[in-house]
Amino acid sequence: LFFLMIRRPPRSTLFPYTTLFRSNTPDDAGPYITLGMCYATHPDTGVHDVTIHRLCIQGKDELSIFFTPGARHIGAMAERAEELGQKLPISISIGVDPAIEIGSCFEAPTTPLGYDELAVAGALRNEPVELCKCLTVNEMAIANAEYVIEGEVILNVRVQEDQNSHTGYAMPEFPGYTGPASSQCWLIKVKAVTHRENPIMQTCIGPSEEHVSMAGIPTEASIYGMVEKAMPGRLQNVYCGSAGGGKIYQTLFLSSDRGNAAGMGKKQSGNANGGAAVEGVFPAPALCELSEKNRQKDCLSEFLFPAL
């Protein structure tokens with residue numbers, strides 16, 4: 001069914017879609033794709049990764065992509081591909097379900113290099129995350145996406161993020177300020193754009209509650225898992241509020257009774273001092289085992305089973 005999303009022949013230019021991508025503020029470096037699920041494969045190990053990166057349209061078939069130095073897995077894949085003298089195939093899926101968006105926001109150490117965050121999405125959905133083959137590059141894309149941009153990360157090329165606008169800024173960051181434009185963005189050469197019939201463009205302008213939720217839920221789960229390992233049974237609740245953009249400010253409820261682990265991980269109605277309950281407990285995702293099954297019609301279904 002999801003092959004109906006493919007438009008043949010695919011377009012090799014972004015220009016028909018430029019009205020869909022808009023600047024958030026007058027200071028933005030340019031039109032941004034803010035909810036693109038970037039998917040790539042490590043050239044040595046073959047492990048996959050899905051992450052949201054800021055993508056600025058630089059031309060009819062060019063996007064800049066910003067990798068936080070030393071912190072992003074697809075950035076490490078691009079660096080390794082460059083060392084090998086190879087371009088890195090990449091797909092950008094836009095318009096997917098919330099579980100995939102939340103899963104893509106998990107970061108190390110909860111999901112280290114080699115951990116496919118689609119495992120988290122599959123666990124949240126309790127069903128496979130279906131992938132399909134790209135048409136023009138050797139990579140997979142998320143099958144239920146509204147749009148898919150296919151391309152290659154070009155080696156030995158860095159671009160100024162605001163080279164077309166010269167504003168000196170990039171786009172609004174999650175804490176609320178507008179970040180500076182980077183002079184070290186990598187370049188993606190677009191090979192094809194495919195989409196569903198009557199596709200819906202999805203975007204997220206930060207800071208917003210949507211933005212905070214995508215950042216905060218994975219942070220809550222990560223903190224819960226790390227504290228539980230260090231102090232089993234002590235952590236009752238963790239909440240990453242809007243004031244800190246889902247990242248900077250956290251509230252942890254810890255049990256003062258080391259021996260009472262009953263009911264840990266459940267929402268509490270209050271505490272002994274009359275403190276209000278903190279909502280939003282998201283226990284760390286169970287370790288998942290990834291297997292590839294149901295290869296039909298060039299589509300890959302990734303089934304995720306909790307480790308027993």
Side-chain angles (χ1 to χ4, degrees), residues 34-35 37-38 49-54 68 71-73 96-127 129 172-176 202 204-258 260-273 275-288 290 304 306-307:
T34 59
L35 268 183
M37 308 297 120
C38 300
D49 188 80
V50 60
T51 318
I52 298 176
H53 290 276
R54 74 177 192 236
T68 304
R72 307 309 291 269
H73 296 162
V96 299
D97 63 75
I100 297 174
E101 295 168 355
I102 291 172
S104 70
C105 291
F106 275 81
E107 299 175 329
T110 306
T111 54
L113 181 62
Y115 190 111
D116 191 339
E117 287 81 5
L118 290 182
V120 177
L124 290 172
R125 300 160 90 242
N126 197 30
E127 64 177 335
V129 176
E173 299 285 356
F174 74 93
Q202 189 179 22
C204 177
I205 301 175
S208 64
E209 286 301 317
E210 182 181 26
H211 199 175
V212 167
S213 295
M214 287 194 296
I217 292 173
T219 304
E220 289 170 343
S222 299
I223 292 173
Y224 188 98
M226 294 172 68
V227 175
E228 183 65 20
K229 289 179 181 178
M231 298 185 296
R234 294 289 305 283
L235 182 60
Q236 300 180 44
N237 217 324
V238 57
Y239 176 66
C240 297
S242 301
K247 288 282 188 183
I248 299 172
Y249 174 74
Q250 300 90 29
T251 301
L252 278 66
F253 275 17
L254 296 169
S255 171
S256 59
D257 185 356
R258 295 175 181 269
N260 181 18
M264 294 299 104
K266 297 181 179 179
K267 294 180 181 179
Q268 306 296 312
S269 59
N271 59 31
N273 297 322
V278 175
E279 298 294 324
V281 179
F282 299 90
L287 293 177
C288 291
L290 193 64
L304 312 163

Taking every non-hydrogen atom, the tightest pair across [X] and [Y]:
X      : Y      : value
Pro218 : Ile102 : CG-O, 3.6 Å
Phe253 : Leu235 : O-CD1, 3.4 Å
Ser255 : Gly233 : CB-O, 4.5 Å
Val212 : Gly246 : CG1-N, 3.9 Å

Set of side-chain contact (heavy atoms from CB on, under 4.5 Å) partners for Ile223, sequence neighbours left out: Thr219, Val227, Val238, Cys240, Gln250, Leu252

Give, for atom [atom1] of [X] and atom [atom2] of [Y], the distance between the pair rounded to the nearest 0.5 Å.
X      : Y      : atom1 : atom2 : value
Leu35  : Gln202 : CG    : CD    : 5.0 Å
Leu124 : Leu118 : CG    : CG    : 11.5 Å
Thr251 : Asn237 : OG1   : CG    : 9.5 Å
Glu101 : Ile217 : CD    : CD1   : 10.5 Å

Step-by-step side chain to side chain contact (heavy atoms under 4.5 Å, CB included) determination, Leu254 to Gln236: CA-CA 6 Å; Leu254 296 169; Gln236 300 180 44; over 6 Å; no

Pairing residues for Glu210 by the salt bridge (Lys or Arg N to Asp or Glu O under 4.0 Å) criterion, not counting sequence neighbours: none

With sequence neighbours excluded, residues passing salt bridge (Lys or Arg N to Asp or Glu O under 4.0 Å) with Glu107: Lys247

Worked check of side chain to side chain contact (heavy atoms under 4.5 Å, CB included) between Thr110 and Tyr115: CA-CA 9 Å; Thr110 306; Tyr115 190 111; over 6 Å; no

Listed partners of His73 passing ring pair (Phe, Tyr, Trp, His ring centres under 6.0 Å), at least two apart: none

Non-neighbouring partners of Ser213 that pass side chain to side chain donor-acceptor pair (under 3.5 Å), sequence neighbours left out: none

Any residue meeting side chain to side chain donor-acceptor pair (under 3.5 Å) with Ser242, in chain and number order, not counting sequence neighbours: Glu209

Check: Thr34 side chain, Cys204 main-chain N or O, donor-acceptor pair, under 3.5 Å: yes

Candidate pair Met37 and Glu117, rule side chain to side chain contact (heavy atoms under 4.5 Å, CB included), full reasoning: CA-CA 11 Å; Met37 308 297 120; Glu117 287 81 5; over 6 Å; no

